[in-house]
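Working notes for the structure below.
Hydrogens, waters and symmetry mates play no part in the numbers below; they use all other heavy atoms, side chains included. All of these numbers come straight from a predicted model, not from anything done at the bench.
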Amino acid sequence: MSATGNHRRRKSTSLSRGLIAATTGGAALVLPLIGAGFASAAPAQTVTAENAAVSTVAPVKEKAAQAATPTTYSVVAGDTLSKIAKGYSVSGGWQKLYEDNRATIGANPALILPGMKLTIGAKAAAGASTVNAVAAPATTPAPAASTVKYTNDLDGWIKESLAVMAKNGIPGSYDSIHRNIMRESSGNPRAINNWDSNAAKGTPSKGLLQVIDPTFSAYHVPGTSMDIYDPVANITAACNYAADRYGSIDNVFGAY
């Protein structure tokens with residue numbers, strides 16, 4: 001209510017009503033101008049892009065927080081980083097999962113043991129940003145790493161095989177591979193067993209880890225040689241088989 005409303009004379013009240021004015025079409029209602037003593041209605045607020053952006057900050061933050069909630073996963077026998085990453089639809093695949101859990105897994109991404117606790121989504125939670133965050137300037141990509149050279153001996157074959165295994169999410173450690181090779185072939189990549197039950201069936205065990213042809217074909221890893229006597233191909237296929245049947249070559253301590 002206006003502060004001066006109580007002092008107006010009664011005759012002036014007709015001025016606060018609508019006046020009838022003649023128009024060519026008939027009578028029309030003419031509204032009087034409202035003086036400074038009366039409060040005018042506030043104009044409708046214009047929705048701007050800035051207001052819209054601000055109004056969406058809270059919902060987007062909530063969604064980001066929900067998506068970034070980390071999950072703890074306990075490794076079981078037969079698991080690989082590739083299998084876990086696929087099961088949880090990890091963006092970035094097993095490489096991202098390994099990066100987030102390097103402190104737990106260690107230097108070899110192919111070696112994960114039952115009982116290990118892996119955190120899925122930890123980095124995403126730490127790196128969640130708000131809508132109005134300023135984008136970081138583009139950086140110059142790091143130069144590509146030089147190609148690793150492996151020696152043409154048992155040490156080099158095992159190391160090269162481990163590199164292939166890591167890319168394919170196949171578990172296994174250097175010591176376990178070396179231990180099983182020395183038991184099976186004494187390190188001879190051309191070794192062949194012509195006397196056991198497999199040989200009697202026409203499928204003798206061959207190579208460093210004494211793999212039979214059907215097993216080699218079934219567990220051959222793309223990118224390696226199709227020659228069963230090739231040291232890297234033989235080791236990698238055998239470790240792939242051991243991972244499927246025993247969880248890892250690390251769990252093999254005898255004939256397999």
Side-chain angles (χ1 to χ4, degrees), residues 68 70-125 127 142 144-145 147-150 154-181 184 207-212 214-228 230-253 256:
T71 299
T72 299
Y73 177 80
S74 182
V75 176
V76 298
D79 274 343
T80 65
L81 290 182
S82 178
K83 179 179 178 181
I84 298 170
K86 183 176 181 181
Y88 280 84
S89 300
V90 176
S91 177
W94 72 266
Q95 294 92 337
K96 175 62 175 172
L97 185 59
Y98 173 59
E99 178 185 341
D100 290 350
N101 294 275
R102 183 186 293 269
T104 300
I105 298 172
N108 184 2
L111 178 57
I112 59 172
L113 302 177
M116 277 186 176
K117 303 295 183 182
L118 305 183
T119 301
I120 301 173
K123 295 297 182 182
T147 303
V148 178
K149 301 295 183 182
Y150 298 99
L154 183 57
D155 178 71
W157 300 331
I158 294 175
K159 289 178 179 177
E160 185 174 354
S161 180
L162 283 170
V164 176
M165 289 163 60
K167 291 180 180 178
N168 289 274
I170 302 171
S173 65
Y174 183 100
D175 290 342
S176 295
I177 294 173
H178 188 276
R179 179 186 72 241
N180 281 285
I181 285 176
E184 295 292 335
L208 288 173
L209 281 171
Q210 292 293 279
V211 183
I212 61 176
T215 299
F216 180 79
S217 297
Y219 290 92
H220 173 263
V221 177
T224 62
S225 172
M226 289 300 300
D227 180 5
I228 194 172
D230 179 86
V232 175
N234 188 282
I235 294 172
T236 309
C239 288
N240 194 21
Y241 164 74
D244 184 46
R245 184 165 182 181
Y246 303 101
S248 171
I249 190 71
D250 295 337
N251 300 327
V252 177
F253 293 90
Y256 65 111

Task: Closest contact, heavy atoms only, A85 versus L97 - done: N-CD2, 4.0 Å
- [ ] Apply side-chain contact (heavy atoms from CB on, under 4.5 Å) to the pair T71 and T119, showing each step before the final yes or no.
- [x] CA-CA 6 Å; T71 299; T119 301; over 6 Å; no
- [ ] Supply the atom-to-atom distance T215 OG1 to I228 CD1, rounded to the nearest 0.5 angstrom.
- [x] 8.0 Å
Open item on the list: If you compare all heavy atoms of T224 against all heavy atoms of H220, which two are closest, and at what distance to 0.1 Å?
Closed with: O-NE2, 3.0 Å
Task: Backbone of V76 reached by a side-chain donor or acceptor of D79 within 3.5 Å - done: yes
TODO: Not counting sequence neighbours, which residues clear side chain to side chain donor-acceptor pair (under 3.5 Å) with N240? List them please.
DONE: none
TODO: Hey, could you give me the CD1/NZ distance between I235 and K159, rounded to the nearest 0.5 Å?
DONE: 12.5 Å
- [ ] Determine the minimum heavy-atom distance between L111 and M116, stating which atoms define it.
- [x] O-CE, 4.1 Å
Open item on the list: Determine whether a donor-acceptor pair (N or O, by modelled atom type, separation under 3.5 Å) exists between the side chain of D250 and the backbone of S173.
Closed with: yes
Throw together a table of side-chain donor-acceptor distances under 3.5 angstrom for residues 164-171, partners on residues two or more places apart or in other chains.
residue: N168; atom: ND2; partner: V164; partner atom: O; Å: 2.9

Open item on the list: Set out, in order, the CA-CA distance, both residues' side-chain angles and the distance that settles side-chain contact (heavy atoms from CB on, under 4.5 Å) for L208 and I177, then state yes or no.
Closed with: CA-CA 10 Å; L208 288 173; I177 294 173; over 6 Å; no
- [ ] Calculate, to the nearest 0.5 Å, the distance between atoms CG and CG belonging to L209 and N180 respectively.
- [x] 6.5 Å
Open item on the list: Tell me whether D100 contacts the main-chain N or O of I120 through its side chain, where contact means a donor paired with an acceptor under 3.5 Å.
Closed with: no
Open item on the list: What's the separation between atom CG in L81 and atom NZ in K86, rounded to the nearest 0.5 Å?
Closed with: 15.0 Å
Open item on the list: Is there a side-chain contact (heavy atoms from CB on, under 4.5 Å) between I158 and H178? Walk through the geometry before answering.
Closed with: CA-CA 7 Å; I158 294 175; H178 188 276; 3.9 Å; yes
Open item on the list: Students often mix this up, so state it plainly: with edges at 30° and 60°, are the rings of Y98 and W94 parallel, tilted or perpendicular?
Closed with: tilted
TODO: Considering non-hydrogen atoms only, spot the tightest contact between T236 and S161 and give its length.
DONE: OG1-OG, 2.8 Å
Open item on the list: Looking at every heavy atom in both G207 and N234, which two are closest together, and how far apart are they?
Closed with: CA-ND2, 3.5 Å
TODO: State, to 0.1 Å, how close G172 and N108 come at their nearest heavy-atom pair, and which atoms those are.
DONE: O-ND2, 2.6 Å
Task: Y241 and Y256 aromatic ring geometry - parallel, tilted or perpendicular at 30°/60° bounds - done: tilted
- [ ] Could you tell me whether the side chain of N101 and the main chain of T104 form a donor-acceptor pair under 3.5 Å?
- [x] no
